[in-house]
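Before any comments, here is the structure.
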Amino acid sequence: MKKTSLPPGYTPATPTTAPVMGIQQPLTPTYPTFTPSPVQQTSEPVQSRSPVVKQPPAAPPVVQKPPIPQEDMVIVLSLDGLLERCKAASTNTSAKRKVEDIASKLTTLSDLLRESKLSQDVLQGLHYIAQAIQMLNYQAGLVKLTELASSANFSEISSFMPAVKALLQLGLYLKV
């Protein structure tokens with residue numbers, strides 16, 4: 001290797017030790033000072049502290065839901081009955097998972113029935129589907145479901161109709 005010579009009078013640059021962008025840092029570190037507060041004497045003897053025991057978190061308060069109207073209970077009972085029959089007949093994990101998913105989505109329907117938020121047309125359609133389930137005529141229930149989806153306010157039924165359809169199809173497939 002060839003060594004290059006520096007020009008005469010050249011002095012290397014000194015490293016920058018000043019803070020960047022004009023930020024000034026104190027030369028000596030400062031630490032917060034601690035002054036103890038005066039302790040008040042009490043006439044009671046000092047008790048030894050017991051070890052801290054972690055309490056389990058408190059359960060959230062249970063919200064009481066209003067009951068489902070008596071005339072609409074047949075809908076819930078029919079769907080729950082079919083759900084239980086499908087659950088009992090499910091042999092593979094995929095079908096069991098599907099039943100659990102349907103069960104969680106049907107709670108939306110129960111809540112809407114409790115709050116009386118469904119129109120009369122939708123309620124009549126659900127009563128027809130409940131009768132079809134009781135007669136084990138799932139195909140008729142699917143036909144009525146299709147009619148409801150095309151004629152009713154879709155935003156009113158969109159939260160629970162896919163679960164009802166999946167339940168009817170599963171009942172048809174499992175022949176329960």
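Side chains included, hydrogens not; waters and symmetry mates left out as well; all remaining heavy atoms used.
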Straight-line distance of [X] [atom1] to [Y] [atom2], nearest 0.5 Å:
X    : Y    : atom1 : atom2 : result
L148 : E156 : CG    : CD    : 9.0 Å
R114 : L109 : CZ    : CG    : 10.0 Å
L167 : L142 : CG    : CG    : 9.5 Å
F160 : S110 : CZ    : OG    : 10.5 Å
D72  : L77  : CG    : CG    : 11.0 Å
N137 : I129 : CG    : CD1   : 11.5 Å

Side-chain contact, heavy-atom cut-off 4.5 Å: [X] with [Y]?
X    : Y    : value
C86  : I102 : no
V176 : L170 : no
V74  : Q134 : yes

Spell out, yes or no, whether [X] and [Y] are grouped together once hydrophobic residues are joined by side-chain heavy atoms under 4.5 Å, including indirect joins.
X    : Y    : result
L113 : Y128 : no
M73  : L83  : yes
L174 : L145 : yes

- Item | Test item: S78 side-chain N/O and I75 main-chain N/O as donor-acceptor pair under 3.5 Å |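 No, S78 side chain to I75 backbone: no donor-acceptor pair under 3.5 Å.
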Can you name the nearest heavy-atom pair linking [X] to [Y], along with the distance?
X    : Y    : result
S104 : T107 : O-OG1, 2.6 Å
Y138 : L82  : OH-CD1, 3.3 Å
P162 : I157 : CD-O, 4.4 Å
S90  : K96  : O-CE, 3.3 Å

- Neighbour count >12 (heavy atoms, 6.0 Å) for atom CD, Q70: no
- Item | Derivation and outcome, side-chain contact (heavy atoms from CB on, under 4.5 Å), residues L168 and K144 | CA-CA 11 Å; L168 290 170; K144 188 62 176 179; over 6 Å; no
- Under a 4.0 Å N-O cut-off, is there an ion pair linking E100 with R97?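 Salt bridge between E100 and R97, a charged N being under 4.0 Å from a carboxylate O: no.
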- Item | Positive for salt bridge (charged side-chain N to carboxylate O under 4.0 Å, His left out) with D111, one of K65, K105, K117 |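 Checked K65, K105, K117 against D111; only one passes salt bridge (charged side-chain N to carboxylate O under 4.0 Å, His left out): K65.
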